[in-house]
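Read the structure below first, then the notes.
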Protein chains: 2
Amino acid sequence: MTDPLVIFTPSGKRGHFPVGTPVLTAARQLGVDLDSVCGGRGICSKCQVSPSYGEFSKHGVTVQPDALSAWNSVEERYDNIRGLPKGRRLGCQATVQSDIVIDVPAESQVHRQVVRKAASDRVITMDPATKLYYVQVAEPDMHEPTGDFERLGEALTAQWGIGPTTAPLPVMRRLQPALRKGKWAVTVALHKGHRDAQHRVLDIWPGFHEGRIYGLAIDLGSTTIAAHLTDLRNGSVAASAGIMNPQIRFGEDLMSRVSYAMMNPGGDVEMTDAVRTAIDTLTVDLAGQAGIEPDQIVEAVFVCNPVMHHLLLGIDPVELGQAPFALATSNSISLDATELNLSGMNSAARVFILPCIAGHVGADAAAVALSEEPDKSDDLVLIVDVGTNAEILLGDRSRVLACSSPTGPAFEGAQISSGQRAAPGAIERVEINPDTKEPRFRVIGSEVWSDEPGFDEAIATTGVTGICGSGIIEAVAELRMAGLLDSKGLMGSAEQTGTERMLPEGRTHSYLLYDGTAENGPKVTVTQGDIRAIQLAKSALYAGARLLMDEMGVDTVDRVVLAGAFGAHISPKHAMVLGMIPDADLDKVTSAGNAAGTGARIALCSVAARDRIETLVRNITKVETAIEPKFQEHFVNANAVPHATDPFPKLRAIAPLPDLNFNTQGDGADGGRRRRRPR
Amino acid sequence: MTDPLVIFTPSGKRGHFPVGTPVLTAARQLGVDLDSVCGGRGICSKCQVSPSYGEFSKHGVTVQPDALSAWNSVEERYDNIRGLPKGRRLGCQATVQSDIVIDVPAESQVHRQVVRKAASDRVITMDPATKLYYVQVAEPDMHEPTGDFERLGEALTAQWGIGPTTAPLPVMRRLQPALRKGKWAVTVALHKGHRDAQHRVLDIWPGFHEGRIYGLAIDLGSTTIAAHLTDLRNGSVAASAGIMNPQIRFGEDLMSRVSYAMMNPGGDVEMTDAVRTAIDTLTVDLAGQAGIEPDQIVEAVFVCNPVMHHLLLGIDPVELGQAPFALATSNSISLDATELNLSGMNSAARVFILPCIAGHVGADAAAVALSEEPDKSDDLVLIVDVGTNAEILLGDRSRVLACSSPTGPAFEGAQISSGQRAAPGAIERVEINPDTKEPRFRVIGSEVWSDEPGFDEAIATTGVTGICGSGIIEAVAELRMAGLLDSKGLMGSAEQTGTERMLPEGRTHSYLLYDGTAENGPKVTVTQGDIRAIQLAKSALYAGARLLMDEMGVDTVDRVVLAGAFGAHISPKHAMVLGMIPDADLDKVTSAGNAAGTGARIALCSVAARDRIETLVRNITKVETAIEPKFQEHFVNANAVPHATDPFPKLRAIAPLPDLNFNTQGDGADGGRRRRRPR
């Protein structure tokens with residue numbers, strides 16, 4: 001008689017096993033993904049399975065009611081103490097008696113798949129660098145004197161197949177008491193980074209430890225530091241928070257921070273201290289939100305641009321401020337949190353920082369690549385991460401290119417006359433009626449358009465305070481579509497355009513978007529200077545994308561992904577009207593949200609992903625915009641609003657129009673001024 | 001025509017090389033040990049060679065005067081600036097023109113052999129974990145953006161064949177300025193421990209760095225901390241110093257320190273802080289003595305007993321105070337000096353701590369094994385490291401055994417009525433005339449015996465202050481040989497012995513060794529209690545050795561090595577008279593000096609030795625005296641002075657004597673007192 005057949009679902013893996021084989025053993029031998037922290041001792045209950053009984057014609061087996069061994073005292077005890085869901089058995093206790101079909105529920109799978117984003121069904125496999133293991137350690141024997149730690153290492157090898165293990169001194173100090181308190185059983189948090197030769201004990205608890213361990217995925221931006229506190233068992237986000245980067249007081253943008261470091265001896269140290277303190281604050285905040293102890297945070301993954309990267313590490317960023325923009329180090333970095341003086345987490349916590357692609361294309365861009373996977377794309381994808389600098393990736397399975405383009409902060413609402421950061425009260429959406437030339441808008445914090453009933457109530461607490469990046473982009477595009485702006489980027493006068501909203505401003509004109517002066521509020525206008533700032537920014541962005549397309553030898557891309565918190569708020573239509581991005585079908589322009597942050601989470605949840613991004617970054621072709629003559633050419637050519645090949649029906653109605661050509665009395669742009677100044 | 005023949009001496013390696021091959025290149029291709037720090041750029045001058053001209057019938061060649069290329073401008077410049085010894089050429093500059101014989105002087109050999117001790121011609125090969133490398137790094141290229149550190153790594157691989165390299169953050173911070181100041185050439189101190197997968201940059205200097213790097217070999221004893229500051233290039237000792245272990249204030253011996261830790265919460269931390277501060281003090285002292293900067297000290301190697309080992313690491317030693325004497329960790333340990341809060345050396349300095357053999361047999365015993373190499377001995381060697389605990393090794397090529405024996409501190413002069421540590425003024429050598437029963441002695445700090453002219457002048461500054469360990473051992477042995485002490489260890493009265501030097505002391509007698517009371521000095525006597533203390537200590541030592549001999553299945557050993565600073569001062573003859581050690585031919589009893597300290601130096605100078613001692617320690621058979629019933633038996637049997645099988649002619653003259661049997665009126669020993677106390 002052959003041994004009983006054991007079939008696992010959903011994997012479908014099957015095999016014959018002798019009567020009496022524990023289900024967990026069978027699963028392991030077949031490579032079925034069945035969790036266990038205690039190694040089959042009936043302690044952790046992670047190996048819960050659901051046996052199925054009856055006829056399974058699909059599998060060709062009939063499962064008898066006694067196909068598994070009877071409910072035993074370990075299961076009884078566990079059920080009494082914690083409760084075992086109906087129909088569940090412990091895989092380490094139930095043994096095979098005859099043919100059986102066993103389902104492994106999702107929560108019993110180690111390599112649980114975590115939905116990465118709501119908008120996508122892409123998943124990542126949990127494979128974190130730090131995991132918990134329960135282990136029983138041999139007691140010391142005077143005849144075979146070895147250290148307690150060496151016996152722990154032997155036990156980890158024997159019980160979990162884990163290779164050489166090391167421990168930092170503070171953990172080593174707690175080993176002997178933990179072993180004795182746990183009666184020679186302990187739970188350890190073991191860490192092994194992708195380049196580590198040894199496992200490292202980050203924490204230790206007597207006996208079986210019920211607690212969870214967490215990691216931080218930190219997107220360290222020039223303006224904002226955002227972090228997700230992530231459960232390292234299942235990848236779920238326990239808490240999220242963001243704070244302003246306190247370095248802003250040393251300089252709004254990156255180059256002014258580099259200047260600060262150059263001009264002020266010790267300035268880099270000041271900025272390093274500031275950002276590390278902010279990370280500590282954020283960490284404590286997140287732990288509080290999630291109701292966990294700082295010690296439970298055993299890892300942090302950072303993504304950031306090169307200047308933030310250096311300032312986090314305490315490296316003077318001065319070389320990044322001048323050609324050839326040499327990074328001190330570009331590879332990924334693994335170190336102790338204490339080396340960064342981070343104090344809000346476990347004192348043995350490890351830090352992983354993604355690799356930088358180039359002096360202007362940082363670990364944040366690498367994280368976007370990890371998240372958006374251009375290297376796995378069948379069609380040619382352009383990925384644009386819009387911020388103070390735009391990081392641009394272009395590629396498909398065959399090749400990936402990257403560059404950074406100096407868009408400046410206009411897209412973030414800076415250098416705009418009524419501009420502000422994206423915050424409640426900021427105008428974020430704009431429409432202008434092509435017939436009446438009248439605007440309507442929405443502000444952050446309200447779902448109601450300004451021409452809809454209830455708008456005043458909806459904005460009662462915030463008011464209208466200014467216009468943010470996405471708002472100014474829409475405004476400029478709408479001005480163009482409404483015929484108030486010509487293709488060169490000049491606005492007409494009230495007479496030329498037939499609307500009193502065009503206000504004279506020196507030799508140029510502004511468009512009045514909102515006048516709150518009656519209620520002591522601001523007057524929000526779009527000035528000719530604003531148009532110019534947006535033109536410069538979008539030209540830089542477009543030129544960077546074009547440069548990569550030249551390098552790739554293409555004139556079009558198959559799809560466009562807008563990344564970054566800001567990218568999530570840009571209207572693809574308006575972006576294309578403006579000429580921010582190359583033409584693509586509108587339904588092929590998507591937002592990836594905070595892709596850099598997602599990349600950080602992926603690297604936190606998967607050691608394999610750390611390897612993957614290192615390899616990918618090595619293989620990316622880097623294009624340096626600062627030294628490419630064609631960049632300047634593309635930049636100049638991209639100045640028009642919109643460019644000629646615009647494919648949209650609505651735009652076609654405008655584009656073929658004879659140019660409005662408002663430039664009859666000077667436009668305030670440099671060219672115009674220069675012409676007249678000698679007068 | 002065949003290529004010219006190049007013959008290197010002293011190695012004898014030879015090969016044919018094309019005309020124009022640099023001597024350094026030829027040496028490398030033949031595997032000839034020719035040093036170079038700058039990689040053949042004519043900067044470091046480490047590759048100096050001495051070409052020989054004329055006929056060499058032994059080698060079958062005639063060397064023409066123009067066998068090497070002419071003296072060139074690089075050599076000229078070097079000679080002008082620093083001077084090149086007559087007849088020397090730079091191996092990287094001189095090229096082969098015709099058959100040539102080239103001598104590599106000792107100082108140009110990397111694997112220079114360092115005489116380990118004056119008394120021995122055994123040598124160690126320099127193979128330190130940290131070495132200096134001069135390297136030229138590619139400048140950053142915007143088209144191929146990589147980090148400066150990654151390019152340094154590539155250069156090390158290309159120019160020195162060095163694998164992956166990492167750097168701690170403080171060094172990483174100094175990389176970019178160093179590269180630019182050195183015009184893209186730097187010298188790095190690279191460290192690779194025996195278990196490290198990567199090299200680690202411990203320090204970096206712009207351009208070619210002339211300075212030297214040093215390591216500390218530290219013998220961390222319960223009583224004394226001794227350290228040698230060692231040049232990592234050639235193994236020479238630049239300075240040596242020792243200080244008292246400040247932990248003495250917490251307990252004279254190890255067990256009282258363990259008790260202190262048990263009785264006082266935080267007591268272990270106090271002791272850890274104390275010893276680390278002392279090491280800092282010692283380090284600063286040594287750097288000052290040698291006239292070097294603390295930054296030049298890039299490594300430290302520690303040897304110590306298990307309790308000191310744990311206290312150094314900050315691990316509570318409480319488990320070492322009770323069976324089963326479990327070590328927290330027994331393997332060798334590599335860590336950053338900063339992890340031990342050591343601040344007197346380079347902030348990136350690395351620490352290596354030798355493995356412990358067992359809970360009572362520490363890294364100091366491992367160091368003795370590394371130094372004395374019982375595992376390479378053809379004959380059976382007994383190695384005794386005498387201190388508060390005696391560590392005993394017994395073995396040969398086939399097998400090595402180890403144990404520790406609780407001798408107590410009597411051998412160090414403690415628990416002796418007139419005892420003191422070995423310091424100027426202490427009686428260290430004693431002779432007693434068997435006829436007159438009169439003593440003569442020598443004190444530390446003087447070469448003059450007490451019965452010789454000039455003694456009073458020689459000791460004018462120190463006086464006679466007491467008796468140290470070696471002195472008391474000689475005194476007891478001499479008392480026995482002079483017939484003043486019977487084989488049970490009892491001293492006779494003045495009448496019994498016929499000398500007024502026997503002073504009554506209660507029911508027992510003391511021997512008056514020195515009476516300085518006339519000059520307000522001390523009276524130095526050997527009391528019956530002193531005899532008992534020495535008897536206990538020597539019995540413990542002997543019993544430990546016997547236990548290993550039992551385990552090995554032998555009754556005799558071929559040779560005995562006395563290790564330890566104290567071992568260096570013990571007279572082998574007296575040790576054997578006392579019965580401290582098993583019988584052996586007197587010329588087979590040698591002193592190894594501070595073998596533990598030598599072992600530390602070996603591990604400092606050789607990475608291979610670190611591997612070797614780890615393997616050896618794993619293979620040593622550990623014998624735990626505390627649980628061996630035979631230990632007690634041997635201990636009791638070893639009480640006599642001397643034991644029966646003493647082979648020495650001089651002793652034979654005494655041993656067969658009928659026992660003097662002084663025990664007529666009680667002896668003050670426990671047995672005697674116990675018998676009488678009920679009275």
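Within every chain, numbering begins at 1; the chains are lettered A, B, ... in the order of the sequence lines, protein sequences first and strands thereafter. Below, each value reflects all heavy atoms present in this structure, side chains not excepted, and no hydrogens, waters or symmetry copies.
With sequence neighbours left out, the side-chain contact (heavy atoms from CB on, under 4.5 Å) criterion links A:A337 to A:L342, A:M345, A:A349, A:V351. Under the side-chain contact (heavy atoms from CB on, under 4.5 Å) criterion, A:P324 pairs with B:P140, B:M142, not counting sequence neighbours.
Residues A:C356 and A:A363 approach most closely at SG-N, 3.7 Å, considering heavy atoms. Closest heavy-atom contact between A:L220 and A:C304: O-CB, 3.3 Å. What you find for B:V617 and B:A366 is that their closest heavy atoms are CG2-CB, 3.8 Å.
Chain A forms the most heavy-atom pairs under 4.5 Å with one residue out of B:L327, B:V318, B:V623, and that residue is B:L327. Of the listed residues (A:G359, A:A328, A:G147, A:P145), the greatest number of heavy-atom pairs within a distance under 4.5 Å of chain B belongs to A:A328. Chain B forms the most heavy-atom pairs under 4.5 Å with one residue out of A:A326, A:A358, A:A197, A:G153, and that residue is A:A326.
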Are there donor-acceptor atom pairs under 3.5 Å between chain A and chain B, and if so which?
residue: A:G147; atom: N; partner: B:S330; partner atom: OG; Å: 2.9
residue: A:D148; atom: N; partner: B:L327; partner atom: O; Å: 2.7
residue: A:D148; atom: N; partner: B:A328; partner atom: O; Å: 3.3
residue: A:F149; atom: N; partner: B:A328; partner atom: O; Å: 2.8
residue: A:E150; atom: OE1; partner: B:T329; partner atom: OG1; Å: 3.4
residue: A:E150; atom: OE1; partner: B:S330; partner atom: N; Å: 2.9
residue: A:E150; atom: OE1; partner: B:S330; partner atom: OG; Å: 3.3
residue: A:E150; atom: OE2; partner: B:T329; partner atom: OG1; Å: 2.7
residue: A:E150; atom: OE2; partner: B:S330; partner atom: N; Å: 3.2
residue: A:E150; atom: OE2; partner: B:N331; partner atom: N; Å: 2.8
residue: A:R173; atom: NE; partner: B:L313; partner atom: O; Å: 3.4
residue: A:R173; atom: NE; partner: B:G314; partner atom: O; Å: 3.0
residue: A:R173; atom: NH2; partner: B:L313; partner atom: O; Å: 2.9
residue: A:Q176; atom: NE2; partner: B:A326; partner atom: O; Å: 3.0
residue: A:Q176; atom: NE2; partner: B:L327; partner atom: O; Å: 3.3
residue: A:R180; atom: NE; partner: B:E319; partner atom: OE1; Å: 3.1
residue: A:R180; atom: NE; partner: B:E319; partner atom: OE2; Å: 3.0
residue: A:L313; atom: O; partner: B:R173; partner atom: NE; Å: 3.3
residue: A:L313; atom: O; partner: B:R173; partner atom: NH2; Å: 2.9
residue: A:G314; atom: O; partner: B:R173; partner atom: NE; Å: 2.9
residue: A:E319; atom: OE1; partner: B:R180; partner atom: NE; Å: 3.0
residue: A:E319; atom: OE2; partner: B:R180; partner atom: NE; Å: 3.0
residue: A:A326; atom: O; partner: B:Q176; partner atom: NE2; Å: 3.0
residue: A:L327; atom: O; partner: B:D148; partner atom: N; Å: 2.7
residue: A:L327; atom: O; partner: B:Q176; partner atom: NE2; Å: 3.3
residue: A:A328; atom: O; partner: B:D148; partner atom: N; Å: 3.3
residue: A:A328; atom: O; partner: B:F149; partner atom: N; Å: 2.8
residue: A:T329; atom: OG1; partner: B:E150; partner atom: OE1; Å: 3.4
residue: A:T329; atom: OG1; partner: B:E150; partner atom: OE2; Å: 2.7
residue: A:S330; atom: N; partner: B:E150; partner atom: OE1; Å: 2.8
residue: A:S330; atom: N; partner: B:E150; partner atom: OE2; Å: 3.2
residue: A:S330; atom: OG; partner: B:G147; partner atom: N; Å: 2.9
residue: A:S330; atom: OG; partner: B:E150; partner atom: OE1; Å: 3.3
residue: A:N331; atom: N; partner: B:E150; partner atom: OE2; Å: 2.8

Original post:
Do A:F302 and A:I279 pass the side-chain contact (heavy atoms from CB on, under 4.5 Å) test, and can you show the C-alpha distance, the side-chain angles, and the key distance before you say yes or no?
Top reply: CA-CA 11 Å; A:F302 283 90; A:I279 293 162; 3.6 Å; yes
**OP:** Mind running side-chain contact (heavy atoms from CB on, under 4.5 Å) on B:V307 and B:V258 for me, showing each step along the way?
**Re:** CA-CA 8 Å; B:V307 172; B:V258 174; 3.9 Å; yes
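How far CG of A:L156 is from CD1 of A:I162: 5.0 Å, rounded to the nearest 0.5 Å.
Heavy atoms closer than 4.5 Å to chain B are found in both the backbone and the side chain of A:L313. Looking at A:I357, the atoms closer than 4.5 Å to chain B (heavy atoms on both sides) all sit in the backbone: N, CA, C or O.
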